[in-house]
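Residue numbers start at 1 and run along the sequence shown. Side chains are part of it too, since the values below use all heavy atoms of this structure and drop only hydrogens, waters and symmetry mates. It should be emphasised that the depicted structure is a prediction, and the values quoted were computed from it without experimental measurement.
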Amino acid sequence: MRLDLARRLVTDQLAITPAGEWLTASAAGVLLEAVGIPVARTFSAATGPAAVDAANEIGYPVALKAASPSIVHKTERGAVRLDLADSDAVLRAFAAMQQALGDEMGGAVVQGMVDPGIETIVGVTRDPSFGSLVLFGMGGVQAELLRDTALRIVPITDRDASEMVRSLRTSPLLFGFRGSSPADTGALEEVLLRVGLLAEHVPEIAELDCNPLVVSQTGAVVVDAKVRLAPVPLGPPPGVRRLRDA
């Protein structure tokens, strides 16, 4: 785990944009990998041929996504193409996406497809009263529909992580519901703990959204990550009172 590297990445970025900003997909991936959170192998590509080169490096099949961090709901916008089996499919997908989105596309991100699993969401939000909070819930396109989530104030413990994973109405899906194979909840809890450490040591992370984090029988991998940086408000959160010196 390289919390020092994560700290340096954020400090350097805020030196360029002091008011804060959304990180690119590549930068968000680097930040997560710095603290040992598995991220699907990812390359940036500004053109169709560059996307093909990236896909050849990763190995087929691949996913192609619009790179712009301003496109939040990529599936709804047609900004995601999955299971592209060869170079022709990648070129067609890039051209179609570019035609649909124009300059807003911002180039593309090429990723290797991950093992099938349960789509979850792990994130960080900054509450004005309590500071950084870690969020866990069921993810993917149904995240906003279900709104089945758990929250904990940073720092979180291994007990917190275990309780979060088991506290959702939909948690049984992770544990072999109706004869399905159980997911690797140990790997999921580890991701929650690492996200908690990241939020604790890098409070400039105003928002972090790993959605989906795919949890399979063999591990947990972040497929899509969004990170927004912002300066930390001065002083304790408004709802937090400090004890007087004894």
Side-chain angles (χ1 to χ4, degrees), residues 1 23 25 28-29 31-42 63 65 69 71-76 79-80 82-83 109 111-127 132-200 205 207-228:
M1 180 178 294
L23 295 181
L31 181 65
L32 294 175
E33 288 176 335
V35 294
I37 297 172
V39 178
R41 196 176 183 199
T42 303
K65 305 176 184 180
I71 303 176
V72 178
H73 301 292
K74 288 185 170 64
T75 302
E76 296 175 10
V80 178
L82 302 177
D83 289 310
V109 172
Q111 287 184 325
M113 298 296 295
V114 302
D115 291 338
I118 298 169
E119 294 189 347
T120 67
I121 178 172
V122 172
V124 173
T125 185
R126 185 192 290 169
D127 184 270
S132 295
L133 304 172
V134 174
L135 175 145
F136 168 68
M138 288 297 162
V141 296
Q142 71 271 33
E144 293 185 8
L145 177 64
L146 293 175
R147 296 193 179 278
D148 188 15
T149 58
L151 290 166
R152 291 293 188 278
I153 300 173
V154 169
I156 69 169
T157 66
D158 53 354
R159 181 173 179 177
D160 291 323
S162 177
E163 290 176 349
M164 290 172 78
V165 167
R166 290 159 177 79
S167 66
L168 307 184
R169 298 188 306 276
T170 48
S171 288
L173 293 173
L174 295 163
F175 295 92
F177 183 68
R178 291 192 173 179
S180 62
S181 299
D184 188 348
T185 53
L188 173 57
E189 291 172 21
E190 184 67 23
V191 170
L192 283 166
L193 289 170
R194 289 175 185 267
V195 167
L197 281 172
L198 184 60
E200 180 183 359
I205 296 175
E207 295 180 55
L208 187 155
D209 184 7
C210 299
N211 182 23
L213 170 75
V214 177
V215 189
S216 67
Q217 298 177 53
T218 57
V221 180
V222 175
V223 175
D224 195 24
K226 302 178 186 67
V227 178
R228 182 174 68 86

Side chains of Val154 and Val124: closer than 4.5 Å at any heavy-atom pair?
no
Residues passing the side-chain hydrogen bond (donor to acceptor under 3.5 Å, both in side chains) test with Thr42, sequence neighbours excluded, are Gln111
Please identify each residue that fulfils salt bridge (Lys or Arg N to Asp or Glu O under 4.0 Å) with Arg178, with sequence neighbours left out.
none
On a heavy-atom basis, which atom in Pro116 and which in Ser216 lie closest, and how many Å separate them?
O-CB, 3.3 Å
So do Leu135 and Ile121 actually touch side chain to side chain, heavy atoms under 4.5 Å?
yes
Side chains of Val122 and Arg194: closer than 4.5 Å at any heavy-atom pair?
no
State, with a plain yes or no, whether a side-chain heavy atom of Leu31 is found less than 4.5 Å away from one of Ile205.
yes
Heavy-atom closest pair (Thr218 atom, Asp184 atom, distance to 0.1 Å) is C-OD2, 3.7 Å
From Leu151 atom CG to Ile156 atom CD1, the distance as rounded to the nearest 0.5 Å
11.0 Å
Nearest heavy-atom approach of Ala220 to Val191 is CB-CG2, 4.3 Å
Taking every heavy atom of Thr120 against every heavy atom of Leu188, the minimum-distance pair comes out as OG1-CD1, 4.2 Å
List the residues meeting side-chain contact (heavy atoms from CB on, under 4.5 Å) with Leu168, not counting sequence neighbours, and say none if there are none.
Phe136, Met138, Asp148, Ala150, Thr170, Ser171
Which residues satisfy the salt bridge (Lys or Arg N to Asp or Glu O under 4.0 Å) test with Glu189, sequence neighbours excluded?
Arg166
Note: Ala28 and Ala225 closest approach over all heavy atoms is CB-O, 4.0 Å
side-chain hydrogen bond (donor to acceptor under 3.5 Å, both in side chains) filter on Arg41, not counting sequence neighbours, yields Glu57
Could you give the distance from OG1 (Thr185) to CD (Glu190), rounded to the nearest 0.5 Å?
12.0 Å
Just so I know, are the side chains of Leu32 and Leu198 near enough to count as touching, which here means a heavy-atom distance under 4.5 Å?
yes
Measure across Met164 and Val134 and return the closest heavy-atom pair with its distance rounded to 0.1 Å.
CE-O, 3.6 Å
Step-by-step side chain to side chain contact (heavy atoms under 4.5 Å, CB included) determination, Val214 to Asp115:
CA-CA 8 Å; Val214 177; Asp115 291 338; over 6 Å; no
Contacts of type side-chain hydrogen bond (donor to acceptor under 3.5 Å, both in side chains), residue Thr157, not counting sequence neighbours
Asp160
List in chain and number order the residues that pass side-chain contact (heavy atoms from CB on, under 4.5 Å) with Leu197, two or more places apart in sequence or in another chain; answer none if no residue qualifies.
Met1, Glu200, His201
Test salt bridge (Lys or Arg N to Asp or Glu O under 4.0 Å) applied to Glu207 - qualifying residues, sequence neighbours left out
Arg228
